[in-house]
Novice: 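Got a structure for you, questions after.
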Amino acid sequence: VPTEPLTLVFSGSAVGAEGAVFDRQLAAFEGRNPSWRVVRHPTPDAADQRHHLYVQWLNAGARTPDVLQLDVVWTPEFAAAGWIRPLDELEPEAGDFFPQVLQADRLDGRLYALPLFVDVGMLYYRRDLMPDPPGDLTELAERGRALVAAGRTRYGFVWQGARYEGLVTVFLEHLTAFGGRLLDERGNVRLDEPPALRALEFMRDSVDSGLVPAAALAWQEEAVRFAFQNGEAAFMRNWPYAYPLLADPARSRVAGRVAVTAFPAGPGGKPAAALGGARLAVNARSQHAVAAAALVRFLTASDQMIERAQMAGQYPARRSLYDDARLARALPGPPADVRAIVQRAVPRPVTPLYAELSAALQVQVHAALTGQKRPADALSEATAQMRVVLERGRAPSARPSTGGWIAAGLILLGVAAARLILLRRRRRRPRAADPSPASPDRAAAWVLLAPVLVVIAAVGLAPLLWTVWESLHRHDLRLPALGRPFAGLANYVELLGTTRFWTALFHTAFFTAVTVTAEIAIGLVLALALAHVSRARGFLRTTVLLPWVLPTVVAALVWQFMFADLGVVNRVLVGAGLAGRGPAWFAGPILAWIPLLLADIWKTTPFVALLLLAGRQSIDDRLYEAARTDGASPLRQFLHITWPLLRPSLLVVLVFRTLDAFRLFDLVYVLTGGGPGTATEPLALYTFTSLMQSLRFGYGSALSAVVFALTFGLALVYTRLLSAADAEVDR
Ligand code: GLC
């Protein structure tokens with residue numbers, strides 16, 4: 001009996017030609033295994049975003065994807081969290097892989113993934129602008145600046161400068177080029193040493209002197225490639241995938257004029273490439289573990305690696321293939337040279353705590369590059385933070401601190417006191433005519449309410465209580481050996497002592513204050529204007545509402561394009577002669593607020609206007625007629641009729657908007673990612689990062705609880721105000 005094939009779900013990235021390679025190879029797998037069908041789930045290009053997505057799926061216990069494409073730095077983390085299966089059955093195949101590449105796929109000696117391809121950071125240069133590659137970084141900088149000064153290229157050097165994983169790899173290359181290192185053999189952080197400072201200062205000078213455009217401080221791989229591919233830069237740092245794309249005359253303006261070489265050494269160091277690349281792992285919950293492992297074996301086999309190199313330019317992770325004649329035609333240089341570069345490549349620390357180390361480094365390096373901190377300060381801050389992270393990983397168990405207990409006691413006392421005061425007040429107040437407790441109406445009311453209350457308890461209260469409970473524990477998915485000890489208020493104490501928390505709180509309050517004020521002011525004007533139009537009212541209203549209808553993510557992307565380096569805003573500024581070259585909006589700690597605030601105001605004002613319009617229309621027009629007959633000026637009409645009668649609507653708007661703005665997340669996540677550094681990071685984003693990037697569930701839950709308490713407090717104040725306003729209207 002022919003049976004339906006079973007389905008395996010595969011998820012991978014699709015940068016450059018990667019997606020096409022996967023489609024071809026998955027089809028080949030299906031051809032050989034007719035009882036299986038493989039569905040490909042595309043995931044975001046950006047390493048960090050793919051990481052967050054996987055964390056959400058796997059932490060929720062999803063059974064698919066069965067096979068996951070992981071970045072080289074994630075395997076230990078995912079293995080520690082128990083999300084991926086050990087692949088003992090693939091151990092025999094592992095012999096041919098580069099040892100330091102395979103190293104990253106082990107946790108406590110056990111194999112959890114197989115390398116799919118290796119990435120090494122390479123230097124691309126324009127052969128039409130120079131006959132040979134620069135000897136070292138100093139020469140690179142001199143040539144780049146000279147070419148820019150001579151007007152032969154727009155940018156000297158472009159690299160991945162956004163605050164994300166890619167920046168860490170670029171920094172690592174500079175660091176090695178200047179003779180520095182992240183950690184020593186014993187795992188101690190080494191960023192407070194002179195070579196690290198020289199490396200970061202070199203990067204900062206590169207930006208300050210115009211060798212690297214400030215706009216690049218918001219660029220990831222693809223944005224960097226586009227700049228180079230469009231002929232705008234003399235040098236580019238990027239991964240191997242870019243090579244075939246640059247060589248393709250159908251899309252590249254520099255086809256035939258590009259060469260690739262190793263990332264050069266700086267004074268006192270050696271040429272260095274950061275070791276990157278992808279591997280395949282099997283979801284621990286997959287229901288098709290055997291087939292999934294077979295797919296991993298197939299995709300990491302020699303033939304597939306050669307094909308991947310030919311089609312997508314990605315270097316094989318198997319040593320023997322560098323002697324294969326088929327590979328020679330796929331590589332930009334002699335295979336032996338490429339193999340040597342891979343063998344020398346510098347790995348990032350192999351530890352389940354990597355994501356948090358990287359996050360600390362990303363923020364500090366970015367803050368230095370965007371001029372918010374001196375490189376020396378940024379490095380000592382990064383060193384301190386990374387030491388804390390590593391220390392935390394070593395600590396045998398977490399004792400709830402004494403401070404934690406005292407704080408817990410004080411908070412409980414405070415809550416009890418507040419409760420007492422409230423009860424007393426209420427007793428003093430005369431009761432309104434209340435149906436007697438035993439009345440049948442009251443019982444019926446409870447019965448009718450019961451289903452809703454159950455739903456609210458299940459979807460609102462239970463998760464909330466769970467979060468609070470979680471926040472009292474030290475629960476770190478990357479450190480399963482530590483268990484989940486009770487920690488009292490230690491998480492809260494830590495949070496209150498963290499500058500990043502207070503800054504995020506300030507950002508949230510600032511954003512809320514500015515946007516809500518502006519939205520209400522503009523919304524009011526719009527509403528009153530709309531109330532006066534009689535023709536085409538429906539059409540106008542719909543048009544006004546359009547921005548609000550757009551999904552926030554889409555709106556955020558639109559604003560990102562508008563404020564990009566060559567976006568419409570900069571074109572207008574330059575066209576009007578207001579700026580020689582538009583500013584790099586997303587690289588300025590203050591500038592970055594402008595698109596953020598504008599986007600929110602643009603998007604949400606219509607909603608405010610519509611609510612206020614409804615309020616305005618409920619005001620009886622005869623009041624205005626009477627006022628006009630009495631000779632009242634429009635201003636007086638506004639002050640004495642519109643304003644007081646519109647107050648309840650205004651309050652409703654205020655409540656909605658404040659609470660919404662306070663939870664700001666999606667807009668900023670897409671638009672600025674909270675950067676540069678953490679200059680636009682609100683509380684909700686900080687919480688998300690702690691949960692999804694650092695996997696610190698206890699600490700992240702404490703942050704969520706604080707966000708909840710703050711919004712809830714605000715909501716209480718507002719409901720008070722609202723009922724007062726209602727009472728006033730009733731009078
Ligand atoms: C590439 C590399 C990966 C690195 C990432 C950073 O995908 O393969 O290892 O972390 O770029 O953006």
Side-chain angles (χ1 to χ4, degrees), residues 11-19 21-22 42-55 68-78 97-98 100-105 113-122 124 158-176 182 216-226 236-243 245 263 272-281 299-300 305 308-309 312-317 338 341-342 345-351 354-359 361-362 365-366 673 675 693:
S11 91
S13 76
V15 183
E18 263 188 309
V21 179
F22 279 134
T43 54
D45 284 354
D48 302 48
Q49 283 178 18
R50 186 151 19 105
H51 177 268
H52 300 343
L53 191 65
Y54 281 175
V55 169
L68 302 140
Q69 180 189 338
L70 306 186
D71 191 347
V72 59
V73 280
W74 305 342
T75 314
E77 178 191 14
F78 283 27
F97 292 101
F98 288 103
Q100 95 272 30
V101 174
L102 199 64
Q103 182 58 28
D105 289 325
L114 276 193
L116 181 67
F117 62 84
V118 272
D119 258 344
V120 277
M122 305 288 284
Y124 292 75
V158 288
W159 35 247
Q160 296 73 19
R163 195 203 74 194
Y164 80 121
E165 187 56 39
L167 177 60
V168 174
T169 60
V170 175
F171 174 68
L172 186 59
E173 279 150 10
H174 282 83
L175 183 66
T176 318
L182 285 181
L217 299 176
W219 290 352
Q220 304 193 357
E221 282 82 4
E222 288 291 78
V224 170
R225 168 168 75 91
F226 294 145
M236 164 174 85
R237 180 272 171 207
N238 215 329
W239 308 106
Y241 85 95
Y243 190 73
L245 303 169
F263 192 89
L275 180 65
R279 43 268 301 119
L280 297 180
L299 291 175
T300 55
M305 279 194 182
R308 162 162 290 106
Q314 290 170 327
Y315 297 168
V338 174
I341 294 181
V342 175
V346 188
R348 286 161 276 171
V350 178
T351 150
Y354 178 75
E356 209 181 338
L357 294 178
S358 163
L361 194 56
Q362 289 173 25
V365 169
H366 205 240
Q693 185 165 29

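Start at 1 and go down the list; that is how both ligands and their atoms are numbered. Quick note: numbers below take in every heavy atom, side chains included, and nothing from hydrogens, waters or symmetry partners.
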Novice: Does an N or O from Ala47, backbone or side chain, lie closer than 3.5 Å to an N or O of ligand 1?
Specialist: no
Novice: Numbering the atoms of ligand 1 from 1, which are under 4.0 Å from a heavy atom of Val72?
Specialist: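 Selected atoms, number and element: 9 (O).
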Novice: Does Gln69 use its side chain to pair, donor to acceptor, with the backbone of Ser13 at less than 3.5 Å?
Specialist: yes
Novice: Tell me whether ligand 1 is touched by Asp71 - counting only heavy atoms on the residue side and a distance under 4.0 Å.
Specialist: yes
Novice: State, without any angle test, whether Glu222 and Tyr241 hold a side-chain donor-acceptor pair at a distance under 3.5 Å.
Specialist: yes
Novice: Check ligand 1 against Gly166 and write out every atom of the ligand that is under 4.0 Å from a heavy-atom position of the residue.
Specialist: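 Near Gly166, the atoms of ligand 1 are 6 (C), 12 (O).
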Novice: For Thr43 and Gly12, indicate whether the former's side chain and the latter's backbone hold a donor-acceptor pair under 3.5 Å.
Specialist: yes
Novice: Can you sort out which atoms of ligand 1 are near Tyr164, meaning under 4.0 Å from one of its heavy atoms?
Specialist: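 Checking each atom against Tyr164, I get 12 (O).
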Novice: For ligand 1, which part of Glu221 has a heavy atom less than 4.0 Å away: the side chain, the backbone, both, or neither?
Specialist: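 Side chain only.
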Novice: Would you please determine whether Gly277 falls within less than 4.0 Å of ligand 1 on a heavy-atom basis?
Specialist: yes
Novice: Does any N or O of ligand 1 fall below 3.5 Å from an N or O anywhere on Glu165, backbone included?
Specialist: no
Novice: Is the shortest side-chain heavy-atom distance between Thr300 and Met305 below 4.5 Å?
Specialist: yes
Novice: Between the main-chain N or O of Leu217 and the side-chain N or O of His366, is there a donor-acceptor pair closer than 3.5 Å?
Specialist: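 Pair found, side chain donor or acceptor close to backbone of Leu217.
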Novice: For atom 8 (O) of ligand 1, find the nearest protein heavy atom and state the residue, atom name and distance (0.1 Å precision).
Specialist: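 Of the protein heavy atoms, Asp119 OD2, 2.5 Å lies nearest.
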Novice: Would the distance check show the side chain of Tyr124 and the main-chain N or O of Trp239 forming a donor-acceptor pair, the cut-off being under 3.5 Å?
Specialist: yes
Novice: Decide whether Thr169 and Gln160 meet the rule of one side-chain donor and one side-chain acceptor closer than 3.5 Å.
Specialist: no
Novice: Are Phe78 and His51, when compared by the centres of their aromatic rings, separated by less than 6.0 Å?
Specialist: yes
Novice: Measuring from non-hydrogen atoms of Gln220 to any atom of ligand 1, is the shortest distance under 4.0 Å?
Specialist: no
Novice: Hey, is ligand 1 close enough to Arg348 that some N/O pair sits below 3.5 Å?
Specialist: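 The answer is yes, given that Arg348 and ligand 1 share an N or O pair closer than 3.5 Å.
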